[in-house]
Amino acid sequence: MKYIATIGLETHVQLKTRTKMFCSCLLRTGDEPNTNVCPVCMGYPGALPVMNRQAVKFTVMAGMALGCDIPRRSAFDRKNYFYPDMAKDYQISQNGAPLCIGGGVEIALPDGSPKFVRINHIHLEEDAAKINHYARHSGIDFNRGGTPLMEIVGEPDLSSADETIAYLEALKELLVYVGVSDCNLEEGNMRSDVNISVRPEGQSALGTKVEIKNMNTFKGIHAAIEYEVARQIDLLNHGGAVVQETRRWDGELGETQSMRGKENAHDYRYFPEPDLVPVELDEETIAEWRAEVPELPRARRARMMSEYGLPEYDAGVIAADKACADFFEKAARAAAPVPGKTVSNWFMTEVLRLVGEGGGDISSCALAPEALAELLRLLDAGTINGPTAKELLPELFEKGGMPKAIVDARGLGQVSDASALQSLVDAAVAANPKSVADFKAGKKAAAGFFVGQVMKASKGKADPKLVGRLVAETLSKL
Amino acid sequence: MEFKDWTVASAAEAMRKGEISSVELVRALVAEKNARDGDIQAYLTFDEDGAIAAASEADSRRAAGDTSPLLGIPVAVKDLINVRGQPCTCASKILEGYVSPYDATVIARLKAAGAVCAGRVNMDEFAMGSSTENSAFKTTRNPHDLSRVPGGSSGGSAAAVAGGEAVCALGTDTGGSIRQPASFCGIVGFKPTYGRVSRYGVTAFASSLDQVGPMTKTVEDSALLAQALFGADPHDGTTALNPVPDFASALRGASLKGLRIGLPREYFVPGTAPEVTEIVKAAIGKCADAGAEIVDVSLPHTEYAMAVYYIVAPAEASANLARFDGVRYGHRSAKSDDVMSLYCRSRAEGFGQEVKRRIILGTYVLSSGYYDAYYGRAQRVRTLIRRDFDSAFGKVDFLLTPVAPTPAFKVGELQDPLSMYLNDLFTIPASLAGLPAISVPAGATAAGLPVGVQFIAPSFADAPLLACARAFEDTLA
């Protein structure tokens, strides 16, 4: 029998605010355990939470980017459960009135056709502390406790591991673009609970679902889904039944394992958080925040194609990363009348290569978009030649500065004076009778040799096209 | 003057005039405490060195020209309010040995005003109770009759002030915990409007109800403390942003003349001790004599207040007290061998009977399948109770009611939790509605047990309420 898998995700995304969700402790990874803590995030008697407005703003901006409705009023609830990583033994979360409702994200199916994956809602909560297990004991690091955590609750619209990863990649691209999270998977910035069920083809009712908790890496999620779907199908094929339960993914063994069954499911006893007043958002604030949501990759791609005349491939590569796209657009605008395609050629082959070699990112290099633009304008105007431009770029990338000043100071301007170049051509011809003989004997490639000689004599500054023409003329007259 | 006779106002005046220093006042307090507290048992701890240091600093400030009204005044602190470097047991074994790392906002404000916060006073464990018998450490006695309770949960605060071993105290009120002990001990107990005083650093019992307030010998003293305690706090998002009233000017020339005082008929029902009814009736007469207009009003949902309270408060408490789990601080059972037994045993050993009862009750009413029937419905009825008050305050300026159905009862007299809960019958509704309310001494029974009356005001009418109470005080003089 053929089976259809139904997959839905709850994705927790750590927001990159400066401070924690409900106190002013700094969010910094790598510090000594339990150094960024206070009575609030340690759950001391009498401590009270205070809302981090930036976290609310980031969540709402993410919701806007995902096309969610933003209710004017939202509220927090207490989710009660005992666990050592939860300082108060309840988590402040949102149950009844989340910050964002609805929305979704478009992914591309393997055949290239688009699919819209719906989002049920996005709510804001606080992250738990980190438990570290050692040989004979465990330790709790409350530095992470209280990190603002946005939970994106997706609808069960996915039907394969590939679609799931496409969905997560689309989410990640968008959230990084909006600037609300680094979505660094290794650091646990983005963790998903995956709900999976299977049903025979033709059956409309969904099968019994299993939840796999707390997965970081896309590779792990992909493998876990493949495993779990196969496990459930195998169970059904052998007359068994899927048990509703929570499972965990063991990456080393490559299998899912039962954590707890339905009968041991938590009763979280949600109730409204009395320590926080509801979040009321007025139209003005919402409009202000909406204006801060950047143009998203899809729209930007299309605009860059029409505005700069870029081919789809170039626009796609550049728009996928916000910093790259911002850099490119600044450079392209400043470079006019140099065509956008020229800027994109230089940006993609030269600049991004340097970024790759340097191991950093575009926003941290010394090269200013205006410097790239000026360089390309100098090239376009014939003030410098291509080889000089290529030589200058790494220096601008490393040390910054503006190319025109460097060109002027070092006299790197291209020599386009035909009479001056003619004398260099004549000198080269006179000095290399053997090559002249080769040319006359029909070895047309010898012309290239003379061009090289002239370029060398001009210390690279000669206009290569002009030199080529002069060499051709001179040789033909011999 | 004997120590027991000092009020905040008179001590401040004497210090201003140089008749006594803060250090002398604190030394007198310590002497009085040492003499009396063996009987009364109000104090849990007293940081004598800290008190003398703070008092001498206050004296230096005064010498340098500081005239803050609370400068050098010792304030007894209910043992659930955090003071940096002091214990904060909430009268519970589960916090035995815990030393607080921070100051509650109310403490920070008192310290900034120059007050001396060194003595910590007894209470019902986690403020759950009406007699202070639920303390894990000691049973505080009523100074007017040592065989009787001081009321609760702020019984230590009330007994220390009434017993002449404190000038004033801070209490907290969730369903009557300031007002009922004030009535039992014959002092003034003021519960401000919810949101007027920061709860930051005040160990939570029921977050939507808890409010810190002064417990003093006079209404004027309550006003002096309120002036320092009131105001929005960035650490407490539930504090109100309304401007803080000027209490001194509100109290100047306070009069009952022309005030419309409402008597909610649901508060004058059989079940109240006849002597209490008599004293309250006499108080009504005095108000009328002083020119107040007495108006009958109705608060029809009063009969549900008790039920609503015993759903909402335990529900919130069940979450608030979850943090006492033996993991980060406080009592940790020596007998645990895994996380679950660490929780279970630490809490079983650390919490007392009443606290456990309310945690279980609160957990139950929030449970899946019961939430709507209990917590959800209780919240809806709470809104109706609030509306009752709104409509009554369309007709009157203040309400006058008994504080508690009886005067102080005997230690050990009330064994059944329900009859204990009934003590808060008249104080709970104002708590549920978040309204300011005050208990003012109104007289005493034949046996010499004090009885107070309660005035309730509309939201944020704290200053007019104190003015009304002050004027009532004058009718007794």
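Letters go in sequence order (proteins before strands), and every chain restarts at 1. What you see is a predicted model; the values in this text were computed from it and never measured.
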Self-check item: Segment of B:Y194 engaging chain A (4.5 angstrom heavy-atom cut-off)
Solution: side chain
Self-check item: Among A:P49, A:S138, A:A47, residue most engaged with chain B (heavy-atom pairs, under 4.5 Å)
Solution: A:A47
Quiz item: More than 12 non-hydrogen atoms from neighbouring residues, nucleotides or ligands closer than 6.0 Å to CZ on B:R377, yes or no?
Solution: no
Practice problem: Side chain from CB out, backbone as N, CA, C, O: work out which of these in A:Y268 comes under 4.5 Å of a heavy atom of chain B, or both, or neither. | Solution: neither
Quiz prompt | Which atom of B:E316 lies closest to which atom of A:R78, heavy atoms considered | solution = O-NH1, 3.8 Å
Exercise. Against chain A, label B:A206 side chain, backbone, both or neither, depending on which of its atoms sit under 4.5 Å from a heavy atom there.
Key: neither
Practice problem: Counting only heavy atoms closer than 4.5 Å, note whether B:L95 contacts chain A via side chain, backbone, both or neither. | Solution: side chain
Practice problem: Residue by residue, scan residues 12-27 of chain A and write down, ordered by number, those that have a heavy-atom distance under 4.5 Å to chain B; if none do, write 'none'. | Solution: none
Quiz prompt | Flag, side chain of B:N82 to backbone of A:P45, donor-acceptor distance under 3.5 Å | solution = yes
Quiz item: Less than 4.5 Å apart, any side-chain heavy atom of A:F271 and any of B:Q379?
Solution: no
Quiz item: Considering residues, nucleotides and ligands other than A:E280, do more than 12 of their heavy atoms fall under 6.0 Å from its CD?
Solution: yes
Practice problem: Could you tell me which portion of A:P39 (side chain, backbone, both or neither) has an atom closer than 4.5 angstrom to a non-hydrogen atom of chain B? | Solution: side chain
Quiz item: Just by distance, do the side chain of B:Y102 and the backbone of A:C38 share a donor-acceptor pair under 3.5 Å?
Solution: no
If you look only at distance, which donor and acceptor atoms sit under 3.5 Å apart when one is on a side chain in residues 359-370 of chain B and the other is two or more places apart or in another chain?
unit_1, atom_1, unit_2, atom_2, d
B:T363, OG1, B:I359, O, 2.6
B:S367, OG, B:T363, O, 2.7
B:S367, OG, B:Y364, O, 3.3

Quiz item: Looking only at heavy atoms, which of residues 320-339 of chain B get nearer than 4.5 Å to chain A?
Solution: B:N320, B:A322, B:R323, B:F324, B:D325, B:V327, B:R328, B:Y329, B:V339
Quiz prompt | Closest approach of A:Y270 to B:Y371 (non-hydrogen atoms, all atoms of both residues) | solution = O-CE1, 3.3 Å
Exercise. State the OG-CG distance between B:S207 and A:L276, to the nearest 0.5 angstrom.
Key: 10.0 Å
Quiz prompt | Qualifying residues under salt bridge (charged side-chain N to carboxylate O under 4.0 Å, His left out), relative to B:R120, sequence neighbours excluded | solution = B:D79
Exercise. Please examine the side chains of A:V50 and B:Y200, heavy atoms only from C-beta on, and report whether any two atoms are closer than 4.5 Å.
Key: no
Quiz item: Would you call A:D275 and B:R199 a side-chain contact if the rule is heavy atoms closer than 4.5 Å?
Solution: yes
Self-check item: Nearest-0.5 Å distance that lies between atom CG in B:D233 and atom CG in A:L48
Solution: 8.0 Å
Quiz item: More than 12 heavy atoms of other residues, nucleotides or ligands under 6.0 Å from CD of A:Q257: is that the case?
Solution: yes
Quiz item: Does any heavy atom of chain B fall under 4.5 Å from the side chain of A:D267, the backbone, both, or neither of them?
Solution: side chain
Quiz prompt | Atom NZ of B:K356 with >12 non-hydrogen neighbours under 6.0 angstrom | solution = yes
Quiz prompt | Minimum heavy-atom distance between A:Y83 and B:Y343, given as atom pair plus value | solution = C-OH, 3.0 Å
Quiz item: Side chain, backbone, both or neither: which part of B:A104 has a non-hydrogen atom closer than 4.5 Å to chain A?
Solution: neither
Quiz prompt | Option that, when pairs with chain A are counted at under 4.5 Å, heavy atom only, ranks first among B:A204, B:A319, B:G237, B:S208 | solution = B:A319
